[in-house]
Undergrad: 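This structure is in structure tokens; I'll ask about it shortly.
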Amino acid sequence: MGRSPCCDKVGLKKGPWTPEEDQKLLAYIEQHGHGSWRALPAKAGLQRCGKSCRLRWINYLRPDIKRGKFSLQEEQTIIQLHALLGNRWSGIAAHLPKRTDNEIKNYWNTHLKKRLNKMGIDPVTQKPKTNALGSATGNPKDAATLSHMAQWESARLEAEARLVRESKFVGSSSSSSSSSSSSAPQHTSNTV
DNA sequence: AAACGGTCCAACCGCAAACAG
DNA sequence: ACTGTTTGCGGTTGGACCGTT
């Protein structure tokens, strides 16, 4: 199998992109589309590997990207979908069309994970950590946590139902194989 | 004003799935 | 059916920036 040489090739640039490089990449894609990412750098006159170009385009240059702070709505969506999909960032990003998976991943790791931790919720399972459940402490914070949990749980179920509906739709429109129709095209099954 | 520590984000790395011959 | 190549994804890291001491 061998991995593609990609960035191992000598002479290829790494690190932050310059405005000139951005310009070249943008201009090329606007004119020709990205086509084969592997062939793109040479055609566009860039000393980068295709992988790097693809990443730069997807995460930064694409015109339909919304940058800046996440809204409350977006935040909630991410939390709900993360409960459903786990670390399937691309899947989550598919429900936030103007956000990239990288951005969502960063936001989760830097903001949401910590926040859930603070609230006594395990960010991985999104279930209350043991001592949060055993709120024998009588701490009002725990009550708040539980109430949040209830909210999330219902939101989670709702999102799950929606996903199932959507994937059925996708499955039926793209044909036959009913066994696989309940899963997303690339990421199989909702492993929760 | 400088040093230090923490936070955030862009970009890289390596793996696995998908695709093509 | 098999093998090699390309693409896409998730995890991780480096460094710039910002707040605190």
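Naming: A, B, ... by sequence-line order, numbering from 1 per chain.
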Undergrad: Ignoring hydrogens and geometry beyond distance, is the side chain of A:Lys14 in donor-acceptor contact with the base of C:dG14 at under 3.5 Å?
TA: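 No, no donor-acceptor pair under 3.5 Å.
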Undergrad: Determine the contact category for A:Asn102: base if any of its heavy atoms lies under 4.0 Å from a base atom, sugar-phosphate if only primed atoms, P, OP1 or OP2 are that close, otherwise nothing.
TA: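 Base contact.
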Undergrad: Which nucleotide sits closest to the side chain of A:Arg56: B:dA10, C:dG10, C:dG8?
TA: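 Given the options B:dA10, C:dG10, C:dG8, the side chain of A:Arg56 is closest to B:dA10.
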Undergrad: So if I take every side-chain heavy atom of A:Arg54 and compare against C:dC9, B:dA11, B:dC12, which nucleotide ends up nearest?
TA: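 My answer, after comparing the listed nucleotides, is C:dC9.
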Undergrad: Atom CH2 of A:Trp37 and atom C1' of C:dG8: how far apart are they, to the nearest Å?
TA: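 About 12 Å, once rounded to whole Å.
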Undergrad: Locate the shortest heavy-atom distance separating A:Trp57 from A:Leu25; write the atom from each residue and the value.
TA: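 The pair with the smallest heavy-atom distance is N-CD2, 4.2 Å.
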Undergrad: Is the distance from OP1 or OP2 of C:dT7 to the nearest side-chain N or O of A:Arg38 less than 4.0 Å?
TA: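 The answer is no; no side-chain N or O of A:Arg38 sits under 4.0 Å from OP1 or OP2.
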Undergrad: Now, which nucleotide makes the Watson-Crick or G-U wobble pair with B:dA1, with each of the two distances under 3.5 Å?
TA: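 By the stated definition (distances under 3.5 Å), nothing pairs with B:dA1.
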Undergrad: Sequence neighbours left out, what pairs pass salt bridge (charged side-chain N to carboxylate O under 4.0 Å, His left out) with at least one residue falling in residues 71-84 of chain A?
TA: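 Output for this query lists A:Lys66-A:Glu74, A:Glu74-A:Arg99, A:Glu75-A:Arg115.
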Undergrad: Tell me: NZ of A:Lys105 to P of B:dC13, nearest whole Å?
TA: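 Taking atom P of B:dC13 as the reference, NZ of A:Lys105 is at 14 Å.
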Undergrad: From C-beta outward on A:Asn106, which listed nucleotide comes closest to its side chain: C:dG10, B:dA10, B:dC13?
TA: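 Of C:dG10, B:dA10, B:dC13, B:dA10 is nearest to the side chain of A:Asn106.
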Undergrad: So, OP1 or OP2 of C:dG8: does either fall under 4.0 Å of a side-chain N or O from A:Trp89?
TA: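 Indeed not, no polar side-chain atom of A:Trp89 lies that close.
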Undergrad: Identify the two heavy atoms, one from A:Arg62 and one from A:Thr100, that lie closest to each other, and give their separation to 0.1 Å.
TA: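 Distance-wise, the nearest heavy atoms are NH2-CG2, 4.2 Å.
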Undergrad: Tell me whether A:Lys24 contacts the main-chain N or O of A:Gly45 through its side chain, where contact means a donor paired with an acceptor under 3.5 Å.
TA: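 Looks like yes, one N/O pair under 3.5 Å.
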Undergrad: Can you check the A:Arg88 CZ to C:dC9 P distance for me, whole Å?
TA: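 Atom-to-atom, A:Arg88 to C:dC9, this comes out as 11 Å.
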Undergrad: Once you round it to whole Å, what is the distance between P of B:dC9 and CG of A:Asp101?
TA: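 In whole Å, B:dC9 P lies 15 Å from A:Asp101 CG.
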Undergrad: Hey, does the side chain of A:Arg48 come within less than 4.0 Å of B:dC12's phosphate (OP1/OP2), counting only N and O?
TA: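 The answer is yes; a side-chain N or O of A:Arg48 sits under 4.0 Å from OP1 or OP2.
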Undergrad: To the nearest Å, how far apart are A:Asn59 CG and C:dG8 P?
TA: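 Distance, rounded to whole Å: 13 Å.
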Undergrad: In whole angstrom, give the distance that lies between atom CG of A:Leu61 and atom C1' of B:dA11.
TA: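 About 13 Å, once rounded to whole Å.
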Undergrad: Looking only at the side chain of A:His111 (C-beta and beyond, no hydrogens), which of the listed nucleotides B:dC12, C:dC9, B:dC8 gets closest?
TA: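 It is B:dC8.
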Undergrad: Given B:dA10, is OP1 or OP2 found less than 4.0 Å from the side-chain N or O atoms of A:Arg67?
TA: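 Affirmative; the distance criterion is met.
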Undergrad: With a 4.5 Å cut-off on side-chain heavy-atom distances among I, L, V, M, F, W and Y, is there a chain of contacts connecting A:Ile65 to A:Tyr107?
TA: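 Looking at the clustering, A:Tyr107 is in a separate group from A:Ile65.
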Undergrad: Is the shortest side-chain N/O distance from A:Ser90 to OP1 or OP2 of C:dC9 below 4.0 Å?
TA: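 Yes.
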Undergrad: Nearest-Å distance, CD (A:Glu103) to P (B:dA10)?
TA: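 A:Glu103 atom CD is separated from B:dA10 atom P by 7 Å.
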Undergrad: Select base, sugar-phosphate, or nothing to describe what A:Asn87 touches, counting heavy atoms under 4.0 Å on all strands.
TA: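 Sugar-phosphate contact only - A:Asn87 comes under 4.0 Å of backbone atoms but never of a base.
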Undergrad: Could you grab the distance from atom CD1 of A:Ile29 to atom CH2 of A:Trp37, nearest 0.5 Å is fine?
TA: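 With rounding to 0.5 Å, CD1 (A:Ile29) is 4.0 Å from CH2 (A:Trp37).
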Undergrad: Would you kindly give the NE2-to-C1' distance between A:His34 and C:dT7, to the nearest whole Å?
TA: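 It works out to 10 Å between those atoms.
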Undergrad: Can you check whether A:Trp108 has a side-chain N or O nearer than 4.0 Å to OP1 or OP2 of C:dG10?
TA: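 Looking at the OP1 and OP2 atoms of C:dG10, neither is under 4.0 Å from any side-chain N or O of A:Trp108.
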Undergrad: Measure from the side chain of A:Asn109, starting at C-beta and using heavy atoms only, and say which of C:dT12, B:dC15, B:dC12 lies closest.
TA: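 The answer is C:dT12, which lies nearest to the side chain.
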